[in-house]
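Counting starts at 1 for both ligands and their atoms, in listed order.
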Amino acid sequence: MSPETIQITLPDGAVREVPRGTTAAQIAHQISPRLAKEALVARADDQLIDLSRPLEQNTKVAILTPKDADAVQVFRHSASHLLAAAVLELYPEVKLGIGPPTETGFFYEFVRPEPFTPEDLEKIEAKMHELAAKDIPNERKLMPKPEALELYRNNQQQFKCELVEEKATDPMVSFYTTGKFVDFCRGPHIPSTGRIKAFKLMNVAGAYWKGKEGNPQMQRIYGACFVEPKQLEEYLQKLEEAKRRDHRRVGKELGLFTVSDQVGSGLPLWLPKGATIRRILEDYILEQERRAGYQHVYTPDLAKVELYKRSGHWAHYHEDMFPPMDLETEQLVLRPMNCPHHILVYENKKHSYRELPVRIAELGTMYRYERSGVLSGLSRVRVMTLNDAHIFCMPEQIKEEFAGVMRLVERAYRDLGITQYTYRLSLRDKADKTKYVENDAMWDLAENMLREAMNALGLPYTEAPGEAAFYGPKLDIQLADVMGHQETYSTIQIDFHLPNQFDLGYVGADGQLHRPVMIHRGVISTMERMVSYLIELYAGAFPAWLAPVQTVVLPITERQNAYAEEVNRKLLEAGIRSEFDGRNEKLQAKIRDAQLQKIPYMLVIGGKEAEAGTVSVRHRSKGDLGPRPLEQFSADLKQEIDMRAIV
Ligand code: TSB
Ligand code: ZN
C-alpha cells in the first residue's frame, strides 16, 4: 500500500485500494451507477457520514440506500432542514429551535409571535417544493466555536447559541448549509435537496424549549416524509382510515361513551349503547370463566394504605396511585390493582393441596393516576374495570394453568374476531432497582418458567426488558391499531413475591405447610381498552352478537305502524335487541340513519309484509335480502348471535 492509497472494505468483505481522500460517493460510482444514484448516505466504521466526506484512512464502508432505516432517518433530517430553509425565506424573523427526524417524517421548531396558520403551512410547503426542485447541495462546513457563536449572535438566534454552547465540545463546530440556510448540525445529510419530493406538512403543535415547562414556547411544524411518493400516499391513506375508525370519533357518532369536563380527564361515562356492549362482554367472559373453574367474587374498590405497604405497591407502584384519603383513624387509598384483595379472599380459609389451583376472579375496578398527556378516550383511562383473576397453585401446576389461560385467550379472540396479535415476554430491567422487587433468584425462576411455558406451546415471542410488573414477569399479548401502535391487552404474570409478602400457604400431601405461587391474569383486558379496540376493529359495525342494537323495524307508512310495533315486540321477547323507528320520515331517510348507526339488520315493513306476516330484510353491508317470515328471520338471527358469527 502506498502512502497515497487506503483500503476500503465493503460489506461483502471485498477490499478496494483507492487514493486517500476518495469519497463514499466515488466508491458507490465504482460499484455501480445505479447504487450511486440510489445512495443517500454512507456508514464508515459504524458511523454515518456524508457521501461527499473524503476518506482518510483504511475504513469499512457501506453505501446506504432507502432500504436502510438509518438512511431514511437521515433523509428525513435533511427534509427538516429544507423546512427550516423555507420558513426562513418566508419569515426571516423567526428564531430556530431543533429539527430532528421522527418515525414518519420530521419536525422543526420555531419561535414566532404569530401562530402558523394552515395557510402558512401551504405557503411553506410550496416554498419547500421550490427549493427542492433547485437541487441545492447540503454542504458541511467547520467553523471555530467562537465564530459559530458570533454568527448566531449576529443573527439573533439565541436558542442556537445555547445549543452551540452546550453541545459543541470540539474547538471546531460542524455546520450544514442549504443555500442561504446555515444550521449548527452534526449531520450527516443527503447530498442535495432534489430527492425530497414525498412530504406533507401535517400540523403545528406547541412545545416548550427543550421540553421543559416554564421555558419559551416553540411552534413545532410537523411533516410526514418518505423517500418514495407511493410510501407517502400509503401512509396518508392509512392515516385517513385510522381517523375514520378512531374510537373517540366513532364512540361519539354512535353514542357509545362521552367524557365530561365536570367529571374529569380519563373518566369516561358509558352511554346506554356503549354500556350494552360492555355488559355483553362482561357476561361473555364471566361465562367462559365459570366453565374454566373460576370462582367470582366482589371486593371493595379501596383499602387501607397498610395493605399496599405490605404488598409492595406502596414502594414500587406509588407513582401510579391516587393519594390516600385521611379518615378519623385510618388512611384509605383507591386500589390500583385487585391482587391484595384476592389474596385476602384466598387467606380466608385454609387450603389443602387437593383444592389447588384456586382461581379467584372479579370484574375488578381499579384506579390509576395516569398522567394527563397519555390519557386517550377509552383506551387509556384512570378508572378501569379489569377482567381480572388470581390463580393460587403449586409450582408444578404453573405450566398447565398457563396453558389454560392461553386457551381462554385464544377462544375469546376467536369469538371477538381478533386475529392480529403478538406475544411479548415482559422482563424486568436488572439495572432498575426501584421499579422491581429485589430477588435475583426469584426473577430468574419466574422468567424461565414463562419462557418454558411459551416454548412448550410452541408460540413465538419477543422479549422486552423493563416491561415486567414490579412483582414478576409477564406474558403480554399485544394488539396493534390501524397505525401499527401496539398496546398490551391480555396478560399472564407469574408471581413468587406476593405469596411471600402475605405468608400464604397450603397443606401439602406431606402434611406440611407450603407456599403457593400466584398467576395474575387478564383475558380480555379492561372493559375500557377492549371496547376501544373493538370499536376500531369494526369501525363501529359490530357483529350482531356484540351490536348494541341488532335490528331496527322500519314501517314504510304510518299504516304499518301497528304491525311494525308488533314485530319489534316479538323480537324483543325473543331476546333480540330491537328498535322501532316510527318517526314520520321517508323510508330512505330511516334507512340512511340506520346505516349510519351501523345496525346489522333493517326490517322494512310495507303493506305486503303486514298482510303476509313477513319482514323485508336489509343487511347493513349485504344490502337487500328479500322478504322472510318473521319467525324464520328471528330464528336465523338468534342462531347468528348464539354462534357469535363475525359478519
Ligand atoms: C392482571 N395485577 C395484574 C392483574 O392481576 C395487573 O393489574 N396487571 S396490569 O397492571 O398489567 O394491568 C392489566 C391490564 O389492564 C393491562 O394489561 C392493560 O391491558 C390494562 N390497562 C392497564 N392500564 C390501563 C389504563 N390506564 N386504561 C385501560 N386499560 C389499562
Ligand atoms: Zn394482580
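- Rounding to the nearest 0.5 Å places OG of S525 at 6.5 Å from CG of L386.
- If you count the protein N, O or S atoms nearer to the Zn ion (ligand 2) than 2.8 Å, you get 3.
- The pair R290-E287 does not meet the salt-bridge criterion, since no charged nitrogen lies less than 4.0 angstrom from a carboxylate oxygen.
- Aromatic ring orientation, H520 versus Y471: parallel (interplanar angle below 30°, classes split at 30° and 60°).
- Both tests do not hold together for R428 against Y436: distance to the six-membered ring centre under 6.0 Å, angle to the ring axis within 45°.
- Annotation: cation-pi geometry satisfied between R371 and Y369 (NZ/CZ under 6.0 angstrom from ring centroid, within 45° of ring axis).
- Residues M406 and M454 have side chains in contact (heavy-atom distance under 4.5 Å, counting atoms from C-beta outward).
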Could you list each N/O atom of ligand 1 together with any protein N/O atom closer than 3.5 Å, one pair per line with the distance?
from, atom 1, to, atom 2, distance (Å)
ligand 1, 2 (N), Y471, OH, 3.0
ligand 1, 2 (N), H520, ND1, 3.4
ligand 1, 5 (O), D388, OD1, 2.7
ligand 1, 5 (O), D388, OD2, 3.4
ligand 1, 5 (O), H390, NE2, 2.9
ligand 1, 7 (O), R368, NH2, 2.9
ligand 1, 8 (N), Q493, NE2, 3.1
ligand 1, 10 (O), R368, NH1, 3.0
ligand 1, 10 (O), R368, NH2, 3.0
ligand 1, 11 (O), Q493, NE2, 3.4
ligand 1, 17 (O), Y489, O, 3.3
ligand 1, 19 (O), T488, O, 2.8
ligand 1, 19 (O), Y489, O, 3.2
ligand 1, 19 (O), S525, OG, 2.8
ligand 1, 26 (N), E370, OE2, 2.7
ligand 1, 26 (N), V381, O, 2.9
ligand 1, 27 (N), V381, N, 3.1
ligand 1, 29 (N), T526, OG1, 2.8

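- Residues E528 and R278 are paired through a salt bridge, judged by an N-O separation under 4.0 Å between the basic side chain and the carboxylate.
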**Request:** May I have the step-by-step check of salt bridge (Lys or Arg N to Asp or Glu O under 4.0 Å) for E370 and R529, ending in yes or no?
**Result:** CA-CA 14 Å; E370 300 278 4; R529 187 166 286 181; 5.7 Å; no
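- Side-chain contact between F496 and V517 is present, with heavy atoms from C-beta onward closer than 4.5 Å.
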